[in-house]
Each structure stands twice: as structure tokens, then as C-alpha cells.
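Below you'll find the structure, written out as C-alpha cells, and then a few comments.
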Number of protein chains: 2
Amino acid sequence: MRFHHAPHSPPSLMAKPSQPRPIARKEPAVPTLEMVAAAAGVSPSTVSRLLNGTAKVSADKRKAVESAIRKLDFVANPVASGLAGGRSRSIGVITQALGSPFYGNGLLGIEDVLVESNYAPLYVSGHWRPRDEQRCLALLESRRVDGMIILTPSLPDADLLALAQRVPLVVTGRSLLGPRLCSLDFDNTEGARLATEHLIALGHTRIAFIKGTASHPDAVERLRGYRIALKAHGIPFDAALTAQGHFIESGGAQATEALLAADVKFTALLAANDQMAYGAALALYRRGLRVPEQVSLVGFDDLMGSSYTLPPLTSVRHSIHEIGRLAAHAVIALIRGEPFSDPVPAPQLMVRESCGPVAGSRRHGRTGTRQVV
Amino acid sequence: MRFHHAPHSPPSLMAKPSQPRPIARKEPAVPTLEMVAAAAGVSPSTVSRLLNGTAKVSADKRKAVESAIRKLDFVANPVASGLAGGRSRSIGVITQALGSPFYGNGLLGIEDVLVESNYAPLYVSGHWRPRDEQRCLALLESRRVDGMIILTPSLPDADLLALAQRVPLVVTGRSLLGPRLCSLDFDNTEGARLATEHLIALGHTRIAFIKGTASHPDAVERLRGYRIALKAHGIPFDAALTAQGHFIESGGAQATEALLAADVKFTALLAANDQMAYGAALALYRRGLRVPEQVSLVGFDDLMGSSYTLPPLTSVRHSIHEIGRLAAHAVIALIRGEPFSDPVPAPQLMVRESCGPVAGSRRHGRTGTRQVV
DNA sequence: GCATCATGTGAAAGCGCTTTCATACACAAT
DNA sequence: ATTGTGTATGAAAGCGCTTTCACATGATGC
């Protein structure tokens with residue numbers, strides 16, 4: 001495609017008398033809709049209509065076109081249709097980081113349904129940096145996506161509301177509503193409550209909690225779920241049993257060390273996500289504390305890897321993959337102007353081997369190994 | 001945007017005497033290059049030239065245009081330029097699965113450099129299914145990407161060679177060469193050799209190996225590295241010490257169980273990737289075998305999570321992130337017709353805590369705990 | 001002083017589609 | 001027959017850019 005040049009060829013009169021076409025055109029030239037039309041003996045409009053199902057076409061022409069398409073091996077150029085029709089058949093997806101073990105699964109879900117609906121996902125990641133996220137937004141808008149799915153929590157609601165005026169929008173992790181807007185909200189509170197209940201049922205009352213990034217809605221909801229469960233069982237909330245882990249492994253490890261160093265006693269540890277739980281597990285291991293014998297550990301998100309930690313980690317399953325699928329279905333519905341209201345799957349506790357009963361349950365004697373500094 | 005019409009105004013004379021414009025146009029209308037030109041008092045060509053640096057433009061016009069752009073808040077429509085110019089400023093990236101803990105990082109690297117070069121990455125995943133990969137290829141081609149990065153190993157070389165005729169291509173994990181083709185080949189063999197050497201240096205001679213999917217080039221290279229190291233130290237290769245793990249956690253666990261059940265003795269276990277090492281660790285744990293006291297374990301890829309396994313896993317670092325960056329730089333270079341030849345970083349062994357010396361080194365006595373069934 | 005060349009700029013022709021409008025033709029209704 | 005009422009189809013006008021070509025300039029050479 002790079003064979004033109006000799007731009008504004010200078011007045012040097014006989015510059016190139018009938019340019020011999022710089023090197024024989026070998027490219028078989030990608031077939032165009034127009035060529036299909038010619039081959040089928042119909043007008044381009046008819047071909048277009050057939051392709052998009054925009055209008056009825058008589059059976060004979062349909063056949064002619066179809067065979068022409070097959071013969072020429074024609075595939076419509078989405079760039080051209082995008083320009084002409086104003087739609088690009090692509091959906092923008094803003095995520096935190098493509099490589100994230102958690103969101104990655106969601107992207108897979110999105111991709112699944114988008115592709116089968118003949119939309120192309122355009123992924124961009126915000127890296128948790130508001131500036132990057134803004135840039136992503138701009139990029140996607142300039143690419144004229146037909147819809148967007150926003151998986152990151154840091155964009156301000158007002159921006160999203162404004163954006164939704166221009167393009168159908170699906171957001172997760174908050175509950176906004178608007179005409180071209182759909183929120184898919186996973187019940188983090190309930191998930192955390194479930195996890196805490198589980199620990200309480202095992203007899204734990206000194207349950208430490210490793211918090212996620214405070215600015216993250218998920219983090220606050222999960223903390224809330226923890227407190228709700230505590231309250232329901234008359235266990236007072238103790239801020240000293242709480243530490244910040246920033247949703248990453250190292251944060252979980254540090255939080256655990258802080259907890260351990262602070263000399264607060266706890267028999268169980270609930271981390272606001274699996275990654276922090278992994279960090280916690282390592283910190284515990286370094287101190288020679290055994291899971292679940294001495295400390296019970298619960299995570300949140302149920303990452304793939306959590307079935308393979310030592311011991312396998314009890315965690316709250318979140319089915320981000322399913323949420324991804326839902327989000328994709330939702331944008332498509334939004335684009336078509338159809339209603340959409342499939343419920344987000346409820347959280348589910350995956351009980352594995354990282355939790356055990358608290359030392360002799362209600363007996364406080366022979367506690368030795370369980371009551372942890 | 002749909003308010004033109006009355007094209008070849010029909011003979012039906014006063015057909016629609018000045019249509020009252022179907023409902024007031026509220027959209028502020030996205031600014032177009034033409035509007036910028038008008039505002040700046042120049043021709044669209046000039047604006048375009050300025051935008052693309054295609055030709056010199058006098059200082060005063062440049063200023064006029066720049067201020068017009070700023071005032072109108074204009075952003076060029078990539079769809080239109082794509083159609084007109086034949087380039088889309090997007091790069092297709094085919095990966096195995098977006099959510100993969102390993103490739104995910106590579107995607108991040110790709111994204112970093114692509115975005116800063118003003119290209120948009122278009123990710124699609126093949127899910128290890130050749131059919132899907134073909135579909136991805138077709139999708140990307142139809143989207144008129146300016147270049148492609150192929151991270152999956154299952155596409156046949158011939159296809160790639162053919163593809164490279166049409167679009168600049170960067171592939172990983174093989175060494176093809178061609179005019180518009182660039183291969184980025186990581187030295188898997190060396191990586192595996194390094195890992196094996198490490199084990200040997202610790203005194204191990206009965207080293208089991210968990211293989212990756214046989215059809216995967218990485219898998220065969222890693223096996224080769226293992227054998228090379230063995231040979232270099234005069235340790236005979238024993239196929240019985242080898243098991244298939246398919247590059248996934250469950251496969252690693254099964255392979256380990258098979259090895260254990262087969263009654264072959266080994267003191268160390270090298271897995272062809274970290275995910276299989278995680279599975280192996282779990283299988284070992286279930287059997288009550290301790291790492292590294294009874295069995296030394298080494299992985300490959302150095303996933304993020306490997307610093308947080310119990311114990312932290314010794315693994316071969318692969319810097320897929322860096323490879324992603326290189327790949328992106330490479331496509332851009334290819335597109336520009338520039339040469340590219342940055343070397344892929346060498347593998348590096350990250351020594352952590354999953355390996356220990358073999359029982360009393362050369363003394364075969366008091367072996368008890370280390371010689372594993 | 002005139003022919004020569006370089007250079008910045010504008011007009012206009014697309015890129016490959018979609019969509020409107022108008023028409024030709026088929027029937028149904030008068 | 002005559003007029004309607006649809007319906008399938010084609011012509012042509014864009015979508016918002018890029019690029020070619022031609023054309024004024026002004027700079028240069030003899």
C-alpha cells in the first residue's frame with residue numbers, strides 16, 4: 001500500500017510521463033464491496049444491505065452476492081463501515097492492568113461474548129493512575145467505540161455520567177444509573193460477610209482484617225461486610241485488628257507483620273483480596289506460624305492460584321469471568337437500545353484448607369499454639 | 001451528523017420545502033479537521049500536513065492552526081485517517097489468553113511502548129485453539145492493523161511467513177526471518193540449563209523434570225536445557241524421571257503424583273513453568289514431603305506470585321514484560337522500515353527458598369528424609 | 001531581465017463503505 | 001383501465017481524513 005509517492009511532483013514538466021507504476025502491482029488487492037457488487041451484477045447498495053440485513057433483498061440477488069463474496073473471499077472493511085456508518089463495531093474496555101490475575105479473567109469473559117457478537121474489544125489499561133485512565137478514555141472516544149466497559153473504580157462518577165451521554169456505558173463496582181448507562185455491581189459486602197461468618201462459625205472471635213486501598217470502593221464494602229458479620233455476633237469491632245494492605249502481596253505481608261508486631265492477639269486473618277492473603281501467608285510462614293493450625297486465613301476473589309497455595313486458600317468467589325460476560329452482553333444491549341437486567345451472580349465462599357477451628361473451641365486452656373501474639 | 005441529504009434534489013420539485021430539521025440538533029458535533037481549517041483560515045490539506053508532519057508549513061499558519069485546534073478541542077478521527085491513509089495506527093496482538101499470569105505482563109510491556117508511540121494495541125486471544133487463532137488473525141487483518149505481534153506458538157510458520165508479506169510482523173518463541181518479519185527469541189534452553197545447573201551444584205543428581213505441552217516449542221527447548229546440563233555433568237538422562245504437566249497447575253500436580261507413584265527416586269524437581277511448580281508443590285504437600293528439606297523445587301517464568309509461594313519459589317526469570325516492550329519497539333521499527341536488533345534479555349535464575357542441598361551432599365548415609373519414593 | 005527551480009498552499013479526488021432519495025415494477029384497490 | 005400502495009433496487013452523496021496535482025509565489029542563475 002506504500003507505492004504512491006512522488007507527491008506534488010514538481011512542475012518539472014515531463015516529470016514522469018505516465019509513471020510506469022513503480023513496480024508491477026502484485027498485491028492481488030483486497031476485494032472491496034464494489035467489486036463484489038460488480039461480480040454479482042448488483043449495486044453496492046444491495047451488497048451493503050445484504051451484509052447488514054438493513055433491508056430485504058430478493059432471493060436470486062442474495063444468492064448472486066453470496067457466491068460473489070465467497071468467490072472473492074471478501075470481508076467488509078470495518079474501517080470504512082465505521083467511517084460511513086458512524087459505528088466501529090468495537091467496544092472499549094478500560095481495565096486496571098491487563099496482566100492482573102484478577103481482572104484478566106474478566107477480560108476473557110468480555111472477549112468471549114464480544115467476539116461472538118462480532119464486536120472487537122479494545123482494551124486499555126489505566127494502571128491505577130487517574131491520568132492514564134483519562135488518557136484511555138480519550139483514546140477510546142477518538143477511536144469511536146460503539147460502547148465502553150469500565151472496570152476501574154477511580155474515574156469520578158460525574159465523568160462517567162457525562163461520558164454516558166455520548167456513548168453507551170457499562171460500569172462495574174458502583175451503582176450509577178442513567179439512560180445509556182448500566183451498572184454491574186458485585187456484592188462485596190455480602191462476600192466479606194460470608195467469609196467472616198465462616199470464621200466465626202469456626203469459633204474465631206479475634207479476627208484480623210487486612211484492608212484494601214482505602215479509596216477503592218471494593219475495599220470499603222469488604223470492610224463493611226466484615227463489620228456487619230462481627231456485629232451480628234456481638235463481637236466488637238477493634239480497629240487494632242485492622243491493617244492496610246493496598247491489595248497487593250507485599251502489602252498483605254507488611255500488614256501481617258504490623259499486626260504481629262503490634263501484639264494484638266488474633267486467631268484468624270481475613271484479607272480483602274487473595275493477593276494480600278498470599279502475602280499474609282508468607283509473613284506467617286516466616287514467623288513460623290502455621291496455617292490453619294495456628295492461624296486461619298481467608299482471602300477474597302478466588303484467584304486461579306488460590307487452589308494451589310499451601311494450604312489451598314479459602315476465599316470468596318467472585319466470578320469475574322461471569323461479570324465480564326454480563327458486562328459485554330449489557331453494552332451490546334445498550335447499543336441496540338434493548339433493556340438489560342441480568343443479575344450479577346452472588347458471592348460464594350470457596351472453603352478450602354486454610355481455616356480451622358479455633359483452639360479447642362470454647363476452651364481457653366491449652367491454647368499455646370493458637371493464640372498468636 | 002445526519003443532516004445533509006437532499007442530495008441530487010429530486011425532480012419532485014418542492015418535495016420537502018426546507019425540512020424543519022428533524023428535531024433540533026443538540027450534539028455540539030465533534031469538531032472535524034475541516035472545521036479546524038475553516039477556523040484557522042487555511043485549507044484542510046494544510047491542517048492534515050501539520051498533523052502528520054507530512055510537509056513544511058509556514059510558521060504563521062502553523063500557529064493559526066494550532067490555536068484553532070486548541071480552541072475547538074479537536075482530535076483527529078483515526079477511523080477517517082485509517083480509511084484515507086490506509087493505516088490505522090493500531091497494532092494487533094495475538095496472545096494465548098488475556099488473563100494468563102505470564103503473558104499478561106508481556107501485554108503490559110507492549111501497551112506501554114505502543115501507547116507512548118501513539119499506536120493503539122488491539123488484543124485478541126487464541127485460547128490455545130488453532131481455530132481461534134486463525135479467527136484472530138482474520139479479525140486483525142480485517143481491521144487493517146499496521147502491524148502484528150504474535151505471542152502464540154501454535155500458528156504454523158508458513159502462515160506467518162505468508163502473513164508477513166502483507167503486514168509487518170513480530171513473533172516470539174521461534175526464529176523465522178523475512179523482510180517484514182522480526183523474531184524475538186528467548187533462550188529457553190539456557191534458562192532450563194541454568195536451573196538444572198543450580199540443582200546439580202546443590203548436589204542433586206536425581207532431578208525429575210515436569211514437561212510442558214509437547215507441541216509447544218518452549219517446552220521442548222526447556223527439556224533440552226535440562227538434558228544439556230545433565231549431560232555436562234555426566235548424569236544420565238532418565239525418561240522415567242520425566243512427566244507431562246501441560247503447563248498448568250493441575251498438570252504439575254498430576255505429574256508429581258505420577259512420579260511419586262512410579263517409585264522413582266528423586267531429590268529435586270524442575271518444572272517447565274511456575275504454574276506446574278505450584279501444582280507440584282501442592283502434590284508434595286499432600287504427601288507430607290517438605291520443600292526444600294526433602295525435595296528441592298524449581299520453576300520457570302518467575303511469575304509475580306512466585307515470590308509469595310511457601311516457600312518462595314526459585315525460578316528462571318524471563319522478563320516477559322521486557323520482551324513485550326521489545327516486541328512493540330520492533331513492530332514500530334518494522335513499520336517505519338527501520339532496522340531493529342535489540343537483543344532479548346538473557347534468562348536469569350532467581351534463587352529463593354525452594355531449593356536446598358541434597359541430603360548430606362555426597363554422603364549417601366543418613367538419607368532417610370531426602371530420598372523420596 | 002528572463003528562464004529555472006524550489007516551496008508552501010489549495011482544490012479536488014478518492015479511501016470503502018452506508019444511507020437517503022427516487023424510481024421502476026409489482027400488485028391491490030377503485 | 002386508472003390510480004394507489006408497497007417493495008426491491010440503484011444512483012449518488014457523503015463520513016473525515018490523506019494525497020495528488022497544479023499553481024502561485026519568491027529565490028536563484030545566467
Side-chain angles (χ1 to χ4, degrees), chain A residues 1-13 15-16 19 29-38 40-62 64-65 74-89 142 144, chain B residues 1-13 15-16 19 22 29-38 40-62 64-65 74-89 142-144:
Chain A
M1 212 135 285
R2 224 117 282 130
F3 51 91
H4 27 66
H5 303 323
H8 55 144
S9 62
S12 63
L13 275 243
K16 268 138 197 169
Q19 269 205 338
V30 182
T32 70
L33 176 144
E34 200 173 31
M35 296 167 63
V36 172
V42 301
S43 76
S45 343
T46 303
V47 180
S48 169
R49 286 193 268 250
L50 205 47
L51 254 33
N52 306 291
T54 325
K56 229 164 284 179
V57 177
S58 67
D60 50 339
K61 307 224 175 210
R62 144 171 282 119
V65 173
F74 165 80
V75 181
N77 179 338
V79 179
S81 359
L83 182 55
R87 338 176 206 68
S88 58
R89 290 209 77 82
S142 83
R144 305 302 193 270
Chain B
M1 214 140 288
R2 221 118 281 127
F3 52 92
H4 30 71
H5 307 322
H8 58 140
S9 63
S12 66
L13 278 239
K16 269 140 197 167
Q19 263 205 342
V30 182
T32 71
L33 177 146
E34 199 174 30
M35 295 166 63
V36 172
V42 302
S43 77
S45 341
T46 303
V47 180
S48 169
R49 286 193 269 252
L50 206 47
L51 253 34
N52 307 292
T54 325
K56 226 165 284 176
V57 176
S58 67
D60 49 339
K61 307 225 176 211
R62 146 171 279 118
V65 172
F74 166 79
V75 181
N77 179 339
V79 178
S81 1
L83 181 56
R87 329 174 215 72
S88 59
R89 289 209 80 79
S142 83
R143 295 257 160 191
R144 305 299 191 274

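Residue numbers begin at 1 in each chain, while the letters A, B, ... track the order of the sequences.
For N77(B) and dC15(D), the shortest distance from a side-chain N or O to OP1 or OP2 is not below 4.0 Å. Distances shorter than 4.0 Å separate some side-chain N or O of S43(B) from OP1 or OP2 on dG10(C). Residue T46(B) has a polar side-chain atom (N or O) positioned under 4.0 Å from OP1 or OP2 of dG10(C).
The minimum heavy-atom distance linking P31(B) with M35(B) is given by the pair CA-SD, 3.6 Å. Shortest non-hydrogen contact noted between S48(B) and T54(B) is O-OG1, 4.3 Å. Heavy atoms only, all atoms of each residue included: P78(A) and A76(A) are closest at CD-O, 3.2 Å. The two residues L33(B) and F74(B) make their nearest non-hydrogen contact at N-CE1, 3.2 Å.
The side-chain heavy atoms of L50(A) and V42(A), taken from C-beta on, include no pair separated by under 4.5 Å.
Distances from the side chain of K61(B) to the nucleotides dT18(C), dG10(C), dT19(D) place dG10(C) closest. Among the nucleotides dC17(C), dG16(C), dA8(D), the one closest to any side-chain atom of K56(A) is dA8(D).
Between the base of dA11(D) and the side chain of S45(A) there is a donor-acceptor pair shorter than 3.5 Å. For R144(B) against dG16(C), a side-chain-to-base donor-acceptor contact under 3.5 Å is absent.
Using a 4.0 Å heavy-atom cutoff across all strands shown, V42(B) reaches sugar-phosphate atoms only and no base atom. Nucleic acid contact for V79(A): none, since no nucleic acid atom lies under 4.0 Å from a heavy atom of the residue. Contacts of S48(A) with the nucleic acid, taken as non-hydrogen atoms under 4.0 Å apart, include base atoms. Backbone-only engagement by R87(A) is indicated by non-hydrogen atom pairs under 4.0 Å involving sugar-phosphate atoms exclusively.
Residue D60(B) contributes atom CG, which lies 7 Å from atom P of dT9(C) at whole-angstrom precision. Note: CZ (R49(B)) to P (dT7(C)) measures 14 Å, nearest angstrom. The distance from atom CZ of F74(A) to atom P of dG16(C) is 10 Å, rounded to the nearest whole Å. Counting to the nearest Å, the C1' atom of dT19(C) and the CG atom of L83(A) are 13 Å from each other. If you take CG of L33(A) and P of dC17(C), they are 5 Å apart, rounded to a whole angstrom. Between the C1' atom of dC17(C) and the CZ atom of R143(B) lies a distance of 14 Å, rounded to the nearest Å. When rounded to the nearest whole Å, the span between CD of E34(A) and P of dC17(C) equals 9 Å. The CG-P distance, from L50(B) to dG8(C), rounds to 13 Å in whole Å.
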Contacts table for residues 79-86 of chain B: side-chain donor-acceptor under 3.5 angstrom, sequence neighbours left out:
from: S81(B); atom 1: OG; to: N77(B); atom 2: O; distance (Å): 2.8

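Checked by atom type, the side-chain pair S43(B)/T46(B) shows a donor-acceptor distance below 3.5 Å.
A donor-acceptor pair under 3.5 Å is absent between the side-chain atoms of R62(B) and the main chain of D60(B), judged by distance alone.
Heavy-atom distances to DNA chain C give each of A80(B) and P44(B) a nearest nucleotide, and the one nearer the 5′ end belongs to P44(B).
Pairs of Watson-Crick or G-U wobble type, with distances under 3.5 Å, assemble into runs of 3 or more in DNA chain C at these ranges: C:2-27 with D:4-29.
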